[in-house]
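Both backbone and side-chain heavy atoms feed into the values below; hydrogens, waters and symmetry mates do not. Protein chains get the first letters and strands the later ones, always in sequence-line order, with residue 1 at the start of each.
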Amino acid sequence: MKDLELRYVGHVITITNSLRETYSTYASTLRELIAELAIMYSGFQEVFINKDTEQLNLAAMIYYGDADQAPFVVVDLGQAIQDGAQITFW
Amino acid sequence: MSWRESKQQVILRVDLSRREVYQENLPEEYTRLFLGARGVNARLLFNEVKAGIDPLGPENVLYLSTGPLDGLPVGAGRMSVACKSPRGSIAEGSFGGFFGPELRKAGVDYLAIHGQADRPVYLFINDGDVEFREAAHLWGLTTDKTDAALRQELVDPDIQLCYIGPAGENLVHASVIMANLHNSGGRAGCGEVMGSKRLKAIAVRGSSGLRVADYEGFLNAYREYRQHLDLGSSRDPWTPIWSTYGAPVLARLFCDLGSLMTRNAQEMRWEEAKAARIGAEIYLDRYVTRAKACYACPWPACRKIHTIPSGKYQGFKGGNYWAAQPVVFGSLIDNDDLDLLLVLSGLCNQFGLDVFHIGYSLAWAMECFEQGLLTRTDTDGLELRFGCPDKEGLVDLVRKIAMREGFGELLAKGTWEAAKVVGKGSERYALCVKGQELEAIAERASYMVALGVAVSEVGPDHTRWYPPYPSNPNLISQEQLSELGLDLDLRLAFQPRNPQEKGKLLRWFTISRAVVESLPGCVFLVRDTLGLDLRPWHRLFETATGIEIDYGEFLRAGERVLNLERAFNVREGYRRADDRPPIRIATEDVPYFNYPKLSPDVFDSMLDEYYQANGWDLATSIPTSEKLNQLELGDVAQELGLFAAEAGK
């Protein structure tokens, strides 16, 4: 089980109805995490995953940072997620 | 209704000393060589403002310039203001809104203000007719009161106005020109220069239509351009953010990235809960009363008008809560009270102060106070600490800066000059380049920003290289880049703290943004691939003006502008040593995420790459004769030849 710090920015909060949450998951990649979040937040997957290419939507952005490490822009949805990571969706 | 061709370019020269007006056509080749706005300003400044003149004397010229796309429906409502800065360098900036398009519709493309009035005046330009009007009754008024008084006097609610506030009148450092209450421009001192000329305001009304040269071609180019910016088709995460929430959303994003300059940039990560309290989401929910876009902008809600809904400042109205304010009136001074933030920002607009000057001056003074370099005796009794314990005192201090009263007199000189007065090592806390305060994006988190801020001819100015990050590295392929003649490894170039490729990347940014700002377009609309592939802008220019130039020549216009601005500074004595980041950036590591200081060796390697890519002398930063001649700037090469002996030392 991993505990993640999730942040939602701008229009994403119209889906999540919150700015942040601590979230526990067994997901091992960002793709799996997005699929899980989409169960709670309708429309979440469509914002972040392009239905034709199944890759990150070019009109969305995700920052990923392991605990105490500088976050970076996610390009690959296969990005592994670690316990304590901070992930910003916008 | 009369019509003007979009390629028509008229200069209106106003001599305030003699109260005379002249009109002339812009030399025909200028549109091809410099495009318009910022580009033409650079050419005119180099020609007409001689080296060594007193920036606050009658020899300085203040230019307010539109360009060939101004007034057309492409979000091109900006205009460039330029002069010699009171700091000695070139001063250039731009403001949005509606003033530029209205000026063109009045038959004027470039306005050059010469001389110095013997008493306060304002100009009324009505379809090309110019009146000098007395402004003694306006002198001393804040911009909101000036705006109301002029609208009443001219009995025209649709008139477009720009003016200075008391800060410009009192020659306060970096004071700006304001247009229609909420748009500011020319932070390198254009407001000071307008004040020195005793020109309080300019009112303009125009009734002409603007006609493009190739209507069908323009329409096609416009449709292509909108594909990059519309919500349904744009491939850029900033599009929904910018067009709904606006720029203050950056507060939380910068905070998450560890890029939010906090407590005078001693730290780069503010407490997350504080960033959320001043964030765009709360602003939009509680404060915004309506959206207010610039002329014909495709992003209708990029900017907003707001009212403070409750509390001590209930009813305080303002506009343009933008990317800068969450930093300069938020994290930089450790203020998480959005009411106070909006009041400080609103007062800057009312007094005509530069928000960066005020934010960085306050942060510098707070650090000096906490370090014991300033005491309550110096600050008129104000407890000037991070966290803003004395909010009322802070609000009053902003007024005192504009009026040059008490402790405000020291900060009215600007942070760098104030630090020189206080001494005792306080220069270390002054975050300035070329005497001008930094802006909102953190240098130690992005080396390209550090380089861009340091080399900018006008002092720190994000519009010269915005945006510093790609929206997504997959947006454009390496093959497409090669097609565009961009010899860049984009993935390497966009690694924020890797010095490789930063000089070449910045050169592309400075040249391409000079092109956009000369059309003029808004650099915030340089999204999707519009920042790397300028061909849609090129097609808009050609179809609007009917002037056919190839894409390479279009980009060379930007290079010409950059070289002219650099040449202006060289003539005023600026050299490589002036292209440096602030002391703190170069000497202090940052807690959180192990961001190191930007060491001189690393910085110099990027600077060498930048000069080399530009064809400038590495030792001095002076453009070489060969480069200037290539750019058809032979007269500039000749003038800079006087400094040739310095090169290569």
| query | Can any side-chain N or O of B/Glu281 pair as donor or acceptor with the backbone N or O of A/Val9 at less than 3.5 Å? | reply |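 Such a contact is absent between B/Glu281 side chain and A/Val9 backbone.
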| message | Donor-acceptor check, side chain of A/Arg20 to backbone of B/Ala273, threshold 3.5 angstrom: yes or no? | response | no
Looking at [atom1] of [X] and [atom2] of [Y], how far apart are the two atoms once the value is rounded to the nearest 0.5 Å?
{"X": "A/Leu58", "Y": "B/Thr239", "atom1": "CG", "atom2": "OG1", "result": "11.0 Å"}
{"X": "A/Met61", "Y": "B/Asp236", "atom1": "CE", "atom2": "CG", "result": "7.5 Å"}
{"X": "B/Leu253", "Y": "A/Tyr63", "atom1": "CG", "atom2": "OH", "result": "5.0 Å"}

| message | If I compare all heavy atoms of B/Ile241 with all of A/Gly10, which pair ends up nearest, and what's the gap? | response | CD1-CA, 4.0 Å
| Heavy-atom closest pair, residues A/Ala59 and B/Pro240 |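 Looking at all heavy atoms of both residues, the shortest contact is O-CG, 4.3 Å.
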| task | Taking the side chain as every heavy atom from C-beta outward, state whether A/Glu5 and B/Glu272 have any atom pair closer than 4.5 Å. | result |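 No. Closest side-chain heavy atoms not under 4.5 Å.
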| Do B/Trp238 and A/Trp90 come close enough that some side-chain heavy atom pair is under 4.5 Å? |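 A side-chain contact exists here, since the closest heavy-atom pair is under 4.5 Å.
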| task | Please flag which part of A/Tyr8 lies under 4.5 Å from any non-hydrogen atom of chain B: side chain, backbone, both or neither. | result | backbone
| remark: The interface call for A/Gln69 against chain B, heavy-atom contacts under 4.5 Å, is backbone
| task | Verify the neighbour count for atom CG of A/Asp68: are there more than 12 heavy atoms of other residues, nucleotides or ligands below 6.0 Å? | result | no
| message | Let's go through B/Phe494 and A/Val73 carefully: what are the C-alpha distance in whole Å and the side-chain angles of both, what is the deciding distance for side chain to side chain contact (heavy atoms under 4.5 Å, CB included) to 0.1 Å, and is it a yes or a no? | response | CA-CA 10 Å; B/Phe494 278 120; A/Val73 172; over 6 Å; no
| task | Report, by ascending residue number, the residues of residues 11-19 of chain A in heavy-atom contact with chain B at a distance under 4.5 Å; give 'none' if the set is empty. | result |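 Interface residues of residues 11-19 of chain A: A/His11, A/Ile13, A/Thr14, A/Leu19.
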| message | At a heavy-atom distance under 4.5 Å, which candidate from B/Gln495, B/Arg269, B/Arg252, B/Arg497 has the highest pair count against chain A? | response |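 Heavy-atom pairs under 4.5 Å are most numerous for B/Arg252.
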| Picking from B/Asp256, B/Leu284, B/Thr244, B/Val249, which has the most non-hydrogen pairs under 4.5 angstrom with chain A? |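 With the most close heavy-atom pairs to chain A, the winner is B/Asp256.
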